[in-house]
Enquirer: 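Quick one: the structure is below, questions incoming.
Throughout, numbering of the chain's residues begins at 1 and tracks the sequence. No hydrogens, no waters, no symmetry mates; every other heavy atom, side chains included, goes into these values. Please read all numbers here as calculations on a predicted model, not as lab measurements.
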Amino acid sequence: MYAPLPAADRRAQTRPPGGPDGQPHSLPLQGLFGLTENDRASVTELFVMKLAQVSVVWPFTLAIQLLTCSLLVALVLFDGTSTGERIIGIAVHTAILAVGSLLIFATVRLPAASALASYKRNRIVTLCAAAMAATLTSLLWAITTMPDGAIQLDSTIAVGGLIGVTAVSLHPIRAATLGFATGLVLALAVLAGPSVSVAIALAFLGCLIAATVSLARIDHARELDRETASNEGRIAVKMITEFEDHGAGWFWEADRQGRVTYLSDKVARDIMPSGTAVGQLLTDLFRMDSDAPGTERTLAFHISSRTSFAEYSVCAAAQQCERWWSISGRPVVDDLGRFQGFIGSGSDLTEQRKSEAEITRLALFDSLTGLANRQRMRISLEKTLAQNTGPYRATSLFLMDLDRFKAVNDTLGHPAGDALLQQVAQRLQRGVGDAGLVGRLGGDEFKVVLPGMGNRDALATLAKDLIASLSQPYFISGTAVTIGCSIGIAISPDDGETSETLVRNADLALYAAKGDGRGVHRFFSDEMLAGARTRKLLEDDLRVAVAEGAFHLCYQPVVSTKTVRIVGYEALIRWNHPTRGMVSPADFIPVAEECGLIEAIGEWVLRTACIEAARWPDGIRVAVNVSPIQFANPVLPAIVTSALAQSGIAPRRLELEITEGVFLDETRSSEQMFKALKGVGVRLALDDFGTGYSSLGYLRNAPFDKIKIDQSFVKGAAEPGNRNAAIIKAIVTLADTLGMETTAEGVEVQDEIDLLRDLGCSHIQGYVYGRPVRAEEAMRQLGVENGTATASGFKVSRAPRTKMLRSARIMIGGVRGDVRIRDISTSGAMVDGLRIDGDPYGVEMQIELLEDQLTPARVRWARDGKAGIEFHEAFNLDRLNHGQASRIRRTG
């Protein structure tokens with residue numbers, strides 16, 4: 001802590017270096033004495049003030065001069081020894097003195113002279129002073145030549161007194177004082193010549209000059225202080241006025257009895273609109289807020305005890321508390337330590353209180369939906385769990401996430417998304433009702449706390465109702481919007497006794513619900529936590545694998561349906577874990593996408609595939625999968641260009657396979673990415689077509705060279721009655737129209753090759769032409785018969801078969817018998833215990849698959865007591881299971 005400097009000392013610290021007046025020491029004397037023009041207004045005002053001081057006393061000085069001169073003339077005339085020459089001399093001196101004095105009078109008093117600049121008036125006064133001084137010295141010298149006696153003594157006293165009066169009258173004007181003294185000394189030197197008296201006079205003149213210069217500097221310093229203080233005062237008054245009129249603050253003052261002597265107008269008007277606050281007791285004007293902290297002592301206590309107080313919340317004592325102020329005050333004492341009253345300040349708290357109330361509301365409620373926010377939901381859950389002591393009392397927690405909400409924001413805009421969230425909040429509140437507290441965590445995430453609910457059936461019913469309600473269409477700005485919802489459920493205390501544990505487990509259940517196709521609810525189970533931990537371990541191992549380069553690539557051939565030759569390979573990543581063994585990409589690629597490793601892995605795959613493909617024949621392409629995360633990275637074209645340059649392969653040999661997921665966020669950047677990749681010269685293939693994004697609009701602009709038909713459409717396409725063939729035909733027609741090639745993925749049966757060729761598909765990829773192999777084996781395959789591919793595996797497609805062992809009755813040509821069914825599919829079955837003489841192929845029969853219901857079929861083959869039969873129509877296996885259950889119920 002330190003004591004503040006007095007104002008004069010603070011101003012002195014801020015002066016420029018130099019003399020006390022703030023001017024450099026080399027300031028000319030003319031400027032110091034006001035004999036030259038000065039740009040500083042305060043200096044000019046100083047000399048004007050000095051002239052005004054002289055103007056006040058000079059009439060009296062003039063009168064004394066005239067009276068003294070008249071007295072001298074009378075004394076000379078009265079003296080009988082005086083000559084005419086002496087009388088004339090005294091008269092001349094008197095006239096000169098009167099002229100000089102009258103000129104000074106006119107300069108300092110007449111309005112016409114005030115128009116002159118101050119420095120010019122100073123010059124006139126100084127010159128007149130010097131002339132009068134010389135005249136008075138001459139007059140005094142003349143008197144000394146008179147005969148000794150009373151008249152000489154009286155005249156000498158009169159002239160000496162006149163010199164003193166004139167000098168004192170000119171004292172305010174420092175230059176005139178020096179002029180007067182200089183006139184005295186010069187006249188003495190002229191009259192007396194070189195002498196001791198002149199030397200003494202010069203010595204005194206020097207002392208007078210030094211003293212006068214010092215006084216002039218002091219004048220300047222005082223004027224500087226006065227000017228600074230005046231400026232500070234004006235600024236202070238201006239700032240206080242501005243602060244009171246337009247700011248939130250105000251000031252007050254009270255006397256020793258606590259009666260207000262000053263109060264800012266704006267507060268006074270609010271407190272007493274029709275009266276005056278001055279003269280009122282401070283305690284009668286303000287009432288304290290008893291709920292505010294730190295208000296144990298009242299205003300009356302502080303007034304009576306004469307102690308300081310700070311930031312007390314008060315309102316008008318005689319009105320409703322619509323406005324609030326903060327008030328502070330301290331006692332004032334004089335230099336003798338006597339109490340004088342109180343002085344203080346205040347500020348308006350009304351808006352602050354409103355803001356605090358709004359902040360409190362925002363701190364606990366979501367501003368968009370009006371639901372409880374994350375903070376309030378956390379507090380509510382913690383309080384609810386804390387109350388669940390003693391007997392078992394469950395608390396359930398729903399974590400909810402909207403499905404397809406991002407698409408609404410992207411297509412209709414964020415205002416539409418906000419309107420949708422508001423409608424979702426209303427439906428949730430109606431659905432939950434008084435059973436629990438509904439809150440919004442942020443974005444499209446919601447939370448429901450259900451105290452006292454632990455019955456799984458009731459919770460499941462509520463969850464289904466909420467999902468069904470939220471899945472109903474919404475109408476936003478005239479547009480119908482449909483979304484979904486996934487719910488994760490955790491129940492305390494079984495699934496966690498603390499809020500953190502319960503939220504974590506509900507989040508794991510929500511994750512499982514999303515993984516199961518969304519639009520469903522899932523209860524937390526210990527397996528979910530174990531799966532999460534396993535996933536965390538897999539993530540840790542994946543980071544190590546990336547760092548150590550534990551991956552390798554395998555290549556699956558892509559075969560042309562026209563030439564049956566290998567035209568390219570798809571690069572597939574493989575990870576042989578030291579303890580887990582081979583880890584499927586379906587397991588670790590999603591983890592890599594979530595933990596941020598997919599870009600590093602994807603770049604490694606791209607560079608490695610290009611380097612290994614560089615050893616293949618020039619016409620063989622290599623396809624590399626690109627994650628949506630990689631596709632969103634603006635540096636992807638640069639990475640592709642670098643990989644091509646490093647390997648030396650032609651851009652047309654590299655094919656980037658992109659899934660439909662990249663179109664979920666169709667933006668300008670996506671178009672720019674497609675344009676940049678095509679600018680590099682690589683080929684683009686649309687992978688897993690038909691399984692992701694539901695719109696076909698992106699095919700209008702996306703420059704794909706190939707469409708890859710997902711294996712879900714290929715599998716079973718060759719089976720009778722399967723609609724996949726029609727879907728494949730539609731996709732091929734679409735691709736041909738757009739000038740794109742087509743590749744059928746997942747082909748495993750040889751009869752699918754002929755079907756795909758007949759449907760117009762240009763390329764085939766799948767186990768029918770071999771499993772993925774290392775780069776060396778791919779080189780060997782390309783060297784066999786110029787890369788001709790050889791089909792393998794099953795030749796005919798058949799429906800999936802279910803193993804079973806049950807007896808069934810059959811009828812062939814009116815003859816009944818019993819057989820055992822070994823396996824069955826939708827198209828046929830294999831039975832045991834059937835022998836047919838002759839050629840069995842095509843023998844018609846009936847078999848009782850359901851009780852009292854015979855299903856027509858025909859025999860396809862028979863040997864060693866076994867036979868394969870084909871149903872005339874596809875059989876629904878679910879009916880078989882239902883029939884067995886019915887039989888069990890009847891027999892039970």
Side-chain angles (χ1 to χ4, degrees), residues 1 4 232-365 367 375-376 379:
M1 299 295 292
E232 289 178 351
R234 286 195 298 270
I235 293 175
V237 171
K238 180 180 178 181
M239 295 297 288
I240 290 174
T241 303
E242 181 71 17
F243 185 70
E244 287 185 325
D245 292 343
H246 303 287
W250 48 276
F251 301 98
W252 64 275
E253 187 180 40
D255 59 15
R256 300 176 64 181
Q257 287 74 37
R259 296 186 180 277
V260 174
T261 58
Y262 175 80
L263 185 64
S264 296
D265 289 341
K266 61 180 181 181
V267 179
R269 289 192 300 268
D270 290 336
I271 294 178
M272 302 190 68
S274 59
T276 175
V278 175
Q280 301 286 333
L281 289 173
L282 186 69
T283 53
D284 292 340
L285 295 178
F286 295 106
R287 174 163 54 89
M288 292 182 55
D289 181 8
S290 57
D291 296 332
T295 57
E296 294 81 4
R297 295 180 176 178
T298 63
L299 284 177
F301 169 82
H302 288 286
I303 296 296
S304 61
S305 62
R306 300 175 181 178
T307 55
S308 301
F309 56 93
E311 297 182 357
Y312 278 9
S313 296
V314 296
C315 65
Q319 302 176 13
Q320 293 293 332
C321 293
E322 297 179 356
R323 299 196 69 84
W324 289 89
W325 298 277
S326 171
I327 186 172
S328 303
R330 63 178 179 84
V332 179
V333 296
D334 59 13
D335 295 338
L336 298 179
R338 293 175 298 186
F339 174 68
Q340 300 297 314
F342 274 85
I343 189 171
S345 62
S347 59
D348 196 325
L349 294 180
T350 306
E351 294 302 324
Q352 178 181 336
R353 286 207 164 201
K354 291 180 180 179
S355 299
E356 289 175 352
E358 180 66 14
I359 290 172
T360 302
R361 190 187 70 80
L362 293 177
L364 297 177
F365 294 90
S367 59
Q375 176 73 1
R376 187 185 177 201
I379 295 173

Enquirer: How far apart are the closest heavy atoms of Leu263 and Ala277, and which atoms are they?
Expert: CD2-CB, 3.7 Å
Enquirer: Would you please name every residue forming a side-chain hydrogen bond (donor to acceptor under 3.5 Å, both in side chains) with Arg323, sequence neighbours left out?
Expert: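 Listed in chain order: Asp348.
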Enquirer: Do you know the tightest heavy-atom contact between Ala254 and Trp252?
Expert: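 Nearest heavy atoms, Ala254 then Trp252: CB-CZ3, 3.8 Å.
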Enquirer: Please report the interatomic distance CG(Leu349) to CD1(Ile327), rounded to the nearest 0.5 Å.
Expert: 11.0 Å
Enquirer: Are the charged groups of Asp255 and Arg259 less than 4.0 angstrom apart, N to O?
Expert: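 Answer for the salt bridge query: no.
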Enquirer: State, with a plain yes or no, whether a side-chain heavy atom of Thr283 is found less than 4.5 Å away from one of Phe301.
Expert: no
Enquirer: Would you say the rings of Tyr312 and His302 are close, in the sense that their centroids are separated by under 6.0 Å?
Expert: yes
Enquirer: What pairs with Asp335 under side-chain hydrogen bond (donor to acceptor under 3.5 Å, both in side chains), at least two apart in sequence or on another chain?
Expert: none
Enquirer: So does Arg306 have more than 12 non-hydrogen atoms from other groups sitting under 6.0 Å from CZ?
Expert: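 Counting neighbours around CZ of Arg306, more than 12 heavy atoms of other residues, nucleotides or ligands fall under 6.0 Å, so yes.
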Enquirer: Strictly distance-based, threshold 3.5 Å: is any side-chain N or O of Ser313 a donor or acceptor partner for the main-chain N or O of Ser326?
Expert: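 Not a single qualifying donor-acceptor pair exists.
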Enquirer: Ser328 and Ala310: which non-hydrogen atoms are nearest, and at how many Å?
Expert: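 Minimum heavy-atom contact is OG-CA, 3.4 Å.
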Enquirer: Which atom pair, heavy atoms only, marks the closest approach of Pro331 to Thr307?
Expert: CD-C, 4.1 Å
Enquirer: Looking at every heavy atom in both Ser345 and Phe251, which two are closest together, and how far apart are they?
Expert: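 Closest pair (atom of Ser345, atom of Phe251, distance): CB-CD2, 3.9 Å.
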Enquirer: Can you classify the ring geometry of Phe309 versus Phe342 as parallel (below 30°), tilted (30 to 60°) or perpendicular (above 60°)?
Expert: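 Tilted.
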Enquirer: Could you tell me whether the side chain of Phe286 reaches within less than 4.5 Å of the side chain of Val267, counting heavy atoms only?
Expert: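 Sidechains of Phe286 and Val267: in contact.
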Enquirer: Between Leu299 and Met288, which heavy-atom pair has the shortest distance, and what is it?
Expert: N-SD, 3.4 Å
Enquirer: Hey, what do you get for CG (Asp270) to CG (Asp265), rounding to the nearest 0.5 Å?
Expert: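 Going from the CG atom of Asp270 to the CG atom of Asp265 covers 11.0 Å.
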Enquirer: Nearest 0.5 Å, please: how far is CG in Leu285 from SG in Cys315?
Expert: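 Answer rounded to 0.5 Å: 12.0 Å.
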